[in-house]
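Fair warning: this is a prediction, and the values are worked out from it, not measured in the lab. Any value given below was found using the heavy atoms of this structure, including those in side chains, with hydrogens, waters and symmetry copies removed.
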Amino acid sequence: MLLYQDSCFELHNTGSHPEQIARITRVNEALNTAGWTDRCTTPLWQPASIDALTTAHQSSYVAQLRQWCEQDAGRIESDTMVCNGTWKAATMGAGAAIDAVAKVADGQAQRAFAAIRPPGHHALPSGAMGFCVLNNVAIAAHQAIAKGLHRVLIVDWDVHHGNGTQDAFYEDGRVGFFSIHRSPFYPGTGSESETGSGAGLGWIMNRPVTGGILRQQFFDGFQMGLDRIAAKVKPELILLSAGFDAHRNDPIGSLCLDSEDFGKLTEIVVEVAKSYCEGKIVSLLEGGYHLDHLPESVLAHLRTLNDKVES
């Protein structure tokens with residue numbers, strides 16, 4: 001399994017913001033202590049190019065983002081901050097997603113996990129949103145299409161709806177999107193009626209759940225929704241927006257899940273991947289803001305992701 005991990009993600013200095021440096025340092029400490037750095041292949045990779053970024057974002061926004069970072073602009077949107085280290089962190093995060101897709105699509109590995117920040121699934125083609133500046137998973141999906149794949153499925157279990165990702169592929173018809181998320185909740189999108197349009201009709205599936213949902217109900221809804229969209233898309237690769245803020249103790253999101261439950265969700269995704277795409281999964285870190293439960297949840301995710309790799 002490939003593991004993308006680097007100290008450059010600490011350059012995105014947001015102070016005491018919920019999406020803070022301690023998120024990635026605690027995750028990396030857990031990965032190192034548990035031996036994942038030694039157990040996995042840890043590639044060297046390059047930051048995403050401007051051309052790669054503009055597959056998912058308007059060139060004017062990419063130029064503005066870079067300028068904001070150079071200016072150490074601080075808050076650029078109601079929830080989102082940048083500093084002079086953000087550009088390197090963000091482009092390296094997108095670059096990790098691109099490199100992982102290239103290697104998994106080529107058969108160099110079956111699975112990959114990228115411990116990156118800032119997160120990405122709220123970032124819109126035209127701007128930052130909700131802690132996110134570049135939509136890493138959307139950039140990854142465009143890389144998969146450029147590599148010659150015809151059908152890609154993005155699975156998003158972050159507690160918040162991945163509105164930026166959905167917008168990127170709403171009319172596409174090559175990239176499916178399945179999100180299970182708390183509703184009503186930020187960002188206010190992700191109803192069941194949002195199913196895509198044009199060539200993308202039926203390629204978008206949302207499973208909004210209430211804050212009081214029980215764990216088994218969550219698992220059942222996730223399984224049924226994922227099975228349905230996978231049967232529609234028949235993916236050649238699954239990309240996972242792996243947010244861990246549906247943990248019951250998360251200070252930003254919170255639903256009903258415990259740390260080990262992310263292993264159960266991972267197992268469901270793995271079984272679907274085995275059925276359609278030879279088990280190929282690229283997982284990208286999104287949300288998760290409890291500094292103890294985030295690393296626990298990541299470890300549960302990786303144990304299952306790695307244990308079920310087929311030799």
Side-chain angles (χ1 to χ4, degrees), residues 14 16-31 33-34 36 79 113 115-122 130-132 137 154-163 165 178-192 205-226 240-272 283-307:
T14 57
S16 59
H17 191 281
E19 205 293 281
Q20 60 187 268
I21 293 173
R23 293 182 65 240
I24 203 69
T25 58
R26 294 292 294 273
V27 166
N28 285 337
E29 287 168 4
L31 293 173
T33 300
W36 285 103
D79 297 307
F113 175 72
I116 58 179
R117 67 181 282 270
H121 72 156
H122 295 307
F131 309 173
C132 305
V137 78
I154 297 171
V155 179
D156 189 331
W157 69 43
D158 192 281
V159 77
H160 305 100
H161 179 243
N163 59 303
T165 310
F178 171 61
S179 175
I180 187 167
H181 50 272
R182 182 174 171 180
S183 181
F185 207 47
Y186 182 90
T189 53
S191 72
E192 290 183 345
M205 178 175 291
N206 289 298
R207 176 110 15 203
V209 299
T210 63
I213 192 172
L214 302 177
R215 291 165 68 235
Q216 191 58 52
Q217 292 174 319
F218 189 96
F219 295 143
D220 290 346
F222 184 74
Q223 177 84 68
M224 288 187 290
L226 182 54
L240 179 57
S241 276
F244 299 95
D245 39 7
H247 194 288
R248 60 188 175 88
N249 290 327
D250 191 90
I252 300 297
S254 79
L255 269 176
C256 56
L257 300 181
D258 291 313
S259 300
E260 289 303 317
D261 291 336
F262 292 98
K264 171 67 172 176
L265 295 180
T266 306
E267 184 173 4
I268 293 170
V269 176
V270 166
E271 292 307 311
V272 170
S283 175
L284 307 176
L285 180 62
E286 295 280 2
Y289 304 97
H290 193 290
L291 296 181
D292 293 323
H293 297 309
L294 171 60
E296 292 173 357
S297 302
V298 168
L299 291 180
H301 174 49
L302 286 193
R303 280 194 295 270
T304 306
L305 204 62
N306 186 65
D307 287 350

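Contact check for P118 versus F131: no side-chain heavy atoms found under the 4.5 Å cut-off. Contact annotation: the side chain of I154 never approaches that of F178 to less than 4.5 Å [non-hydrogen atoms, C-beta and beyond]. Between L284 and L240 there is no side-chain heavy-atom pair separated by less than 4.5 Å. Using a 4.5 Å cut-off on side-chain heavy atoms (C-beta onward), D156 and I180 make no contact. Within the 4.5 Å cutoff, the side chain of W157 has heavy atoms near those of the H301 side chain. The shortest side-chain heavy-atom distance between R248 and C256 does not fall under the 4.5 Å cut-off. Put simply, the side chain of N306 reaches to within 4.5 Å of the side chain of W36, judged on heavy atoms.
The shortest heavy-atom contact between L255 and G211 is CD2-CA, 3.7 Å. Heavy-atom minimum distance, G162 versus S179: N-OG, 4.2 Å. The two atoms that bring I21 and T14 nearest to each other are N-OG1, 4.5 Å, heavy atoms only. Residues L285 and V298 share a closest heavy-atom pair of CD1-CG2, 4.4 Å. Across every non-hydrogen atom of G190 and N206, the tightest pair is O-CB, 3.2 Å. Nearest heavy atoms, S283 versus L305: CB-CD2, 4.3 Å.
Between the side chain of D250 and the backbone N or O of I252 there is at least one donor-acceptor pair closer than 3.5 Å. In this structure a side-chain-to-backbone donor-acceptor pair under 3.5 Å is missing from E271 to I268. Under a 3.5 Å cut-off, the side chain of D261 and the backbone N or O of D258 do form a donor-acceptor pair. A donor-acceptor pair under 3.5 Å is absent between the side-chain atoms of R26 and the main chain of P295, judged by distance alone. Put simply, the side chain of R182 never gets that close to the backbone of A246: no donor and acceptor are under 3.5 Å apart. One N or O on the side chain of E286 and one on the backbone of G120 form a donor-acceptor pair closer than 3.5 Å.
Contact check on R23 versus E19 returns a salt bridge, with a Lys/Arg side-chain nitrogen under 4.0 Å from an Asp/Glu carboxylate oxygen.
The closest side-chain donor-acceptor pair between D245 and H160 falls under 3.5 angstrom. Looking only at atom types and distance, the side chain of N163 has a donor-acceptor partner in the side chain of H122 under 3.5 Å away. Side-chain N/O atoms of H181 and D158 include no donor and acceptor closer than 3.5 Å. With 3.5 Å as the limit, one finds no donor-acceptor pair spanning the side chains of H247 and S254. Side-chain contact annotation: S241 with H121, donor-acceptor N/O pair under 3.5 Å absent. No side-chain N or O of H17 forms a donor-acceptor pair with one of Q20 less than 3.5 Å apart.
Between F185 and H161, the distance separating the two ring centers is not shorter than 6.0 angstrom. Proximity of the aromatic rings of H290 and F244 is defined here by a centroid distance below 6.0 angstrom, and this criterion is not met.
I213 contributes atom CD1, which lies 10.0 Å from atom CZ of F219 (distance to the nearest 0.5 angstrom). Note that CZ of R207 is 13.0 Å distant from OG of S183, once rounded to the nearest 0.5 Å. Rounded to the nearest 0.5 Å, atoms CG (L265) and CD (E260) are 11.5 Å apart. A distance of 9.5 Å separates CD in Q223 from CD in E267, rounded to the nearest 0.5 Å.
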When you look at T304 and F262, which way does the side chain to side chain contact (heavy atoms under 4.5 Å, CB included) test go after all the steps? CA-CA 9 Å; T304 306; F262 292 98; over 6 Å; no

